[in-house]
Number of protein chains: 4
Amino acid sequence: MVERILEAGARVLAEHGYDGASTSRIATAAGISPGSLYQYFPHKDAIVLAVLERYSDQLVAGITARMTGQFEQPAPVIVRATLAALLDGLDVEQPFLRAAVVHGPQLDDGRALRIFEDRIGELVLAYLTTRRDELRPGLSLPTAAWMLVRTVEHLTVRYLLDRPPVQRDHFLQELSQLTLNYLRPTST
Amino acid sequence: MVERILEAGARVLAEHGYDGASTSRIATAAGISPGSLYQYFPHKDAIVLAVLERYSDQLVAGITARMTGQFEQPAPVIVRATLAALLDGLDVEQPFLRAAVVHGPQLDDGRALRIFEDRIGELVLAYLTTRRDELRPGLSLPTAAWMLVRTVEHLTVRYLLDRPPVQRDHFLQELSQLTLNYLRPTST
Amino acid sequence: MVERILEAGARVLAEHGYDGASTSRIATAAGISPGSLYQYFPHKDAIVLAVLERYSDQLVAGITARMTGQFEQPAPVIVRATLAALLDGLDVEQPFLRAAVVHGPQLDDGRALRIFEDRIGELVLAYLTTRRDELRPGLSLPTAAWMLVRTVEHLTVRYLLDRPPVQRDHFLQELSQLTLNYLRPTST
Amino acid sequence: MVERILEAGARVLAEHGYDGASTSRIATAAGISPGSLYQYFPHKDAIVLAVLERYSDQLVAGITARMTGQFEQPAPVIVRATLAALLDGLDVEQPFLRAAVVHGPQLDDGRALRIFEDRIGELVLAYLTTRRDELRPGLSLPTAAWMLVRTVEHLTVRYLLDRPPVQRDHFLQELSQLTLNYLRPTST
DNA sequence: AATGAATGAGGGTTCATTCAT
DNA sequence: AATGAATGAACCCTCATTCAT
């Protein structure tokens, strides 16, 4: 039932966006009555939050799967693969992505987004740590992770939302480059 | 009169954020009646949009001023100066910045944000063009500009909104590094 | 307009009682839209409270008028006249009286009722003070006023609400007796 | 089972008052499910009514016990004892007393309150009848009982609910006086 | 041009009651 | 008999927008 509500919530979010996601619309989409929502969630935003968290969890799981055990691969390979996984994972209906990006930070004090970024950040940090000696000397790993996670996330979202006239491969290429160059020791 | 409304709108946005910016609050702040707003703007969001556009214009002007005539300076210098200008320009009241970032993209199909980014993008593109031969070969300048503008904008906003435990100078340093390294030719 | 709302509120209260006094019913009765209520009152209970306070004010004014300048009349005369005034003043539609008695004490922490009783209490206290030497020795005037105000108020309300098989005159007679005897010196 | 529900209802009423006494809260307190309530009671208010009736029964029993066989005692003694019994009997949790006083009259057309007052009234009437020759001549005993029962009940309730700055003994003294004086023959 | 009172659709939420299991 | 999830009508309130003055 919680499942059914979340699924309906996701569908409504994907179709109507956050502002169109009224409780009655979600209830109708779930084939239940408005009151039933409150048997499982304390208020509307808790539903939206749960939908976003579930999506976030899937995304994190996907990224994690793609990176795990690949740390010894050449950097360009694993970075590119990871970015591709993220791009694929974020490639959902635009209103849904927009709701996540716009309203996620407002729900429960940004809980969902914070958790997402923290978990991806830990993953990145772990990776950077194993590669520390190949990185630019003096680089603060936590700072680097903070920068990269937000950069990559935002550019990917923007790419999907704004659909700039750049090929997917080219975009991934540039994103990889941005990432790798940032970490790379500065020649000279 | 339009001026008065915009000024009031900015004040209300800075103090109460988007959700607290009701038409009556803006009207009160402007010392006029709610109905009068509609003599000058078709609806509430047009006011917010205009406020954001005015702010955006100032920001662009500031950045432009800082870059203009500085193209021949060493890259690290001009980049750093530009980033600092952006960081300063965006360092406004948090509710205002949040409103701009969260609701800007929703207003008139993202008009204000698009214009802002386009103009900064042109500036960056112009600069990159003058420096083309120092850049990574094969780099698509428009793509590079697209990437950099969004990256720098987003990281700066996040830095101001989330206040991560990173010193301002360190942050600017890393942001410069990210920018410069991205453009720099890859030493084999 | 406030007047119109109060009048409508009183009518709705008189016809449907407290529980039937929904905001939409009051608005309809006043010939306005629900939203307009909130231009003049912060919430529904403020309307009900204001209705009750207005009624209370009239009642107090009526009682005051009947007692003022009559202090030198024989006690049985003034007491009887006052009680009659109260009985008449409280003889409104039953649902209204019931709403006042049942919900008055719950609104704004009993404000309306407290004020009503305090004002009648002061009146009674003033009267008792002028008659002190005819009263039972050792009688605490404030306590006596407290007892009498509540007794008389309650019995009158109950008489009107329950319609016991007692003639109006007889009831007033007994109420007078209760009052006078309570105050009278106890003949050894 | 009915017993269990009533006990739970009383507890909930005492702790949360009428408005906080939702069916689900009562069910939880009784350790059963909401639906089961309807196996034993037709609707929520029937539960509350039954709770109040049970309480009323205890109260009546207590008063009766205190008066029975005491009729030959001096009037001041038995009156005072009876009033004290009432004051003690009504000295329950405020939310419970409030619920009884406020909502009792609304339940089943005031059934519980009517029965309570009728029974106390009969007791008083019986007592008055045995003392008829000491009472004010011409006094209608039923009317006197009606007046006294309501007066004493209300003043006691108000004393407990409003906690006026009057000592308990003083209050009982005045209440006795009010009662006795009302009945006493008027010295010329 | 300016007013600001009036609008009214729509929102989220509650809870006594029902009914399939 | 007992469950407890599901119901859904009804509630109070908000605020962008309108329009008579």
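Chain identifiers are assigned alphabetically (A, B, ...) following the order of the sequence lines, protein sequences preceding nucleic acid strands; residue numbering begins at 1 within each chain.
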Find which nucleotide of DNA chain E each of A:D45 and B:Q39 is nearest to by heavy atoms, and output the residue with the more 5' nucleotide. B:Q39
So, C:R119 side chain and C:V60 main chain: donor-acceptor pair closer than 3.5 Å or not? no
Select base, sugar-phosphate, or nothing to describe what D:L37 touches, counting heavy atoms under 4.0 Å on all strands. nothing
Of the candidates E:dG4, F:dC12, F:dT7, the side chain of C:S22 sits closest to F:dC12
Heavy-atom pair with the smallest gap, counting every atom of C:A99 and C:L13: CB-CG, 4.1 Å
Select one nucleotide: of E:dT17, E:dG4, E:dA1, the one nearest the side-chain heavy atoms of D:H43. E:dT17
Could you give the CZ-to-P distance, from B:R4 to E:dA1, as a whole number of Å? 14 Å
Write down the distance between CZ (C:F41) and C1' (F:dT14), rounded to a whole number of angstrom. 18 Å
Identify, between A:M1 and C:G20, the residue whose nearest nucleotide on DNA chain F lies closer to the 5' end. A:M1
Within the 4.0 Å heavy-atom criterion, would you say B:T23 contacts the bases, only the backbone, or no part of the nucleic acid? base
Looking only at side-chain atoms of B:K44, point me to the closest of F:dT17, E:dA2, E:dG12. F:dT17
Taking all heavy atoms of C:I26 and all of C:A21, pick out the closest pair and write down the distance. CD1-O, 4.1 Å
Under 3.5 Å for both distances, Watson-Crick or G-U wobble, that's the pair rule; now give the dot-bracket for DNA chain E, with | marking pairs to another strand and [ ] for crossing ones. .||||||||||||||||||||
Check A:L52 against A:G104 and note the closest heavy-atom contact, atom names and distance. CD1-CA, 3.8 Å
Donor-acceptor contact below 3.5 Å, side chain A:R98 vs main chain B:P105: no
Taking for each residue the nucleotide of DNA chain E with the nearest heavy atom, is it C:G31 or D:A21 whose nucleotide lies nearer the 5' end? C:G31
Between C1' of F:dC12 and CG of C:D19, the distance in whole Å: 14 Å
Counting side-chain heavy atoms from CB outward, which of F:dC12, E:dT3, F:dA16 is closest to B:I32? E:dT3
What's the closest nucleotide to the D:Y38 side chain, out of E:dA2, F:dA6, E:dA16? E:dA16
Could you give the CD1-to-P distance, from A:I26 to E:dT13, as a whole number of Å? 10 Å
I want to verify a distance call: between E:dA5, E:dA1, F:dG8, whose nearest atom is closest to the C:Y40 side chain? E:dA5
Identify, with sequence neighbours excluded, every residue that meets side chain to side chain donor-acceptor pair (under 3.5 Å) alongside B:D162. B:R158
Between C:S36 and E:dT7, does any side-chain N or O lie under 4.0 Å from OP1 or OP2? yes
Please list all pairs passing the salt bridge (Lys or Arg N to Asp or Glu O under 4.0 Å) test where one or both residues lie in residues 12-37 of chain C, with sequence neighbours left out. none
